[in-house]
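Residue numbers count from 1 along this sequence.
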Amino acid sequence: MMTMMRTAWLFSSALLLAAPMQAQVAPPRPPAARSLAATDALARGYVAQRKAPGIAIAVGGPDWTSVHAAGRTAVEGGAPVDQDTLWRVYSMTKPITGMAAMMLVEDGKLKLDQPIGDFIPAFKSVRVLTDPANSLASRPAARPITVRHLLTHTAGLGYSIVTTGPLKAEYERLGILPLSVNAQTEAAMARVRPKSLEEFANRVATLPLIADPGTKWSYSIGLDVMGRVIEVASGMSFERFLQTRMFDPLGMRSTFWRVPDAQKARLVTNYAFAGDNPVPLDPGATSVFLSPPGFPYGGAGLVMSLRDYDRFLHMLQNGGTLDGRRVMKPETVATGMSNLLPAGVTFGGVDGATGGTNAARMGYGAGGSVYLDGVAGGPGKGTYGWGGAAGTIAFVDPARRVRGTAMVNYFPADRWPLRADLAKALATDLTR
């Protein structure tokens with residue numbers, strides 16, 4: 001069952017009335033629309049060539065937005081895709097969790113180099129594997145895990161989708177499986193998975209690390225553990241913090257941990273490719289995301305619309321403000337989108353099937369990668385973002401003053417070169 005889950009994964013974001021004698025202030029205007037012919041052709045081509053049943057792309061600058069959608073929510077039919085269609089964003093949840101943590105850094109309730117044992121006592125003493133290929137034998141860690149380590153995948157934590165050996169088996173035995181695939185795999189995972197973020201984090205703390213904190217980049221459950229740190233530091237549930245500090249202020253009305261029954265017709269089907277044929281893996285009508293998760297998965301748990309993820313990115317692009325509402329300070333956003341890796345640690349990329357990014361020189365920020373150099377015809381220096389296991393892509397490029405989100409739902413994420421195709425289309429459109 002756990003092998004099937006890994007296979008599935010790898011196949012697998014003004015006042016309207018003035019006081020008397022004061023001039024009225026007009027409500028903020030929506031961003032101007034812009035036509036991007038190459039990007040539009042890319043979206044239509046993916047559907048026409050049967051690469052995806054449906055696709056939605058949003059691209060924008062500080063004061064303009066261009067939306068391109070094609071196809072339907074399912075191969076068998078379904079509603080036409082638009083900017084309010086719902087998609088599984090999987091690891092594109094990570095930048096949202098990362099920026100939520102940065103809000104608490106701004107509030108003075110977290111510090112980047114603060115030990116997470118201050119918030120989760122079980123992490124005050126952690127150990128490191130000494131023979132990872134053969135046993136769970138361990139030694140005391142050289143230093144504690146910090147907030148920075150969780151945000152940048154340098155805590156020494158594992159991930160059931162990439163970890164191997166005895167530690168992987170122990171993750172599976174203890175239900176350290178913060179993801180949803182479909183109803184069939186969920187039946188097995190739910191039996192062993194913790195029922196709360198607190199229980200999840202405490203179980204993780206009992207397991208040895210794969211490396212000393214702050215010494216190695218390794219894709220991990222760090223952002224899931226961060227959800228519990230956010231709970232303790234903020235004094236409210238992780239879900240409530242995100243809703244009150246991010247989703248509501250930004251008008252993100254189609255962002256869910258569980259898709260409400262009344263909205264399920266908007267949810268696409270997720271597919272796994274058998275050769276060139278997409279096979280339904282998690283049909284929208286019966287999706288596992290129609291049921292509540294064991295707890296909110298800060299690393300891979302959200303279902304969102306294109307409109308909502310674009311609003312999140314637009315806020316980052318604008319330095320923490322959207323439609324006249326500030327949710328973060330510009331310096332907080334800039335820090336979160338900068339290279340936060342500990343000294344001496346490098347990020348060499350990650351398996352494309354996970355939705356991650358690979359490039360020549362990259363760093364890592366708060367839940368997303370950061371380009372340390374620009375790429376000719378592609379992302380500029382400082383581009384921040386991440387992708388999802390079902391093919392979704394999101395980025396903010398400060399150098400070119402552009403942001404982008406692409407939504408598809410199929411495994412594996414790198415079945416088609418959507419990331420490269422979008423970069424090429426944008427290069428053409430932005431040159432025009």
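For the pair Thr383 and Met337, the minimum side-chain heavy-atom distance is 4.5 Å or more. The shortest distance between side-chain heavy atoms of Trp87 and Met304 does not fall below 4.5 Å. Considering only heavy atoms from C-beta on, His153 stays 4.5 Å or farther from Phe347 through its side chain. In this structure, the side chains of Val147 and Lys111 stay at 4.5 Å or more apart for every pair of heavy atoms. In this structure the side chain of Met102 reaches within 4.5 angstrom of the side chain of Leu112, judged on heavy atoms. In this structure the side chain of Arg266 reaches within 4.5 angstrom of the side chain of Ser254, judged on heavy atoms. By the 4.5 Å heavy-atom criterion applied to side chains, Asn270 and Phe289 are not counted as neighbours. Counting heavy atoms from C-beta outward, Thr152 and Pro342 have side chains that approach closer than 4.5 Å.
Comment: Asp212 does not engage Arg143 in a salt bridge, judged by the lack of any side-chain N to carboxylate O separation of less than 4.0 angstrom. Salt bridge absent: Glu199 and Arg193 never bring a charged side-chain N and a carboxylate O closer than 4.0 Å. Residues Asp107 and Arg245 are paired through a salt bridge, judged by an N-O separation under 4.0 Å between the basic side chain and the carboxylate. Under 4.0 Å is where a charged nitrogen must lie from a carboxylate oxygen, and between Asp276 and Arg415 at least one such pair does.
Between the side chain of Arg88 and the backbone N or O of Val303 there is no donor-acceptor pair closer than 3.5 Å. For Tyr171 (side chain) and Val204 (main-chain N/O), no donor-acceptor pair under 3.5 Å exists by modelled atom type. For the pair Arg228 (side chain) and Ala201 (backbone), a donor-acceptor distance under 3.5 Å is absent. Using modelled atom types, one side-chain atom of Ser338 and one backbone atom of Thr335 make a donor-acceptor pair closer than 3.5 Å. In this structure a side-chain-to-backbone donor-acceptor pair under 3.5 Å is present from Lys168 to Ser160. Within the 3.5 Å criterion, the main-chain N or O of Arg403 finds no donor-acceptor partner in the side chain of Asp397. Here the side chain of Tyr384 pairs no donor or acceptor atom with the backbone of Leu316 at under 3.5 angstrom.
Residue Arg253 qualifies as open at atom CZ: its count of foreign heavy atoms under 6.0 Å is 12 or below. Within 6.0 Å of CZ on Arg50 lie no more than 12 heavy atoms contributed by other residues, nucleotides or ligands.
Atoms CD and CG, on Glu186 and Leu179 in that order, are 8.0 Å from each other to the nearest 0.5 Å. Taking CG of Asp421 as the reference point, atom CG of Leu42 lies at 5.5 Å (rounded to 0.5 Å). Atoms NE2 and CG, from His68 and Asp82 in turn, are 14.5 Å apart once rounded to the nearest 0.5 Å.
Between Trp217 and Tyr219, the two ring planes are parallel [angle under 30°; tilted spans 30° to 60°].
Checked options Trp257, Phe200, Phe238; the residue passing with Phe295 is Phe200 (criterion: side chain to side chain contact (heavy atoms under 4.5 Å, CB included)). Tested against Leu306 for a side chain to side chain contact (heavy atoms under 4.5 Å, CB included), the candidates Val67, Val89, Asp84 yield a single pass: Val67.
For the residue pair Ser287 and Asp282, a side-chain donor N or O sits within less than 3.5 Å of a side-chain acceptor on the partner.
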* Do Thr405 and Arg311 pass the side-chain hydrogen bond (donor to acceptor under 3.5 Å, both in side chains) test, and can you show the C-alpha distance, the side-chain angles, and the key distance before you say yes or no? -> CA-CA 10 Å; Thr405 305; Arg311 289 185 70 79; over 6 Å; no
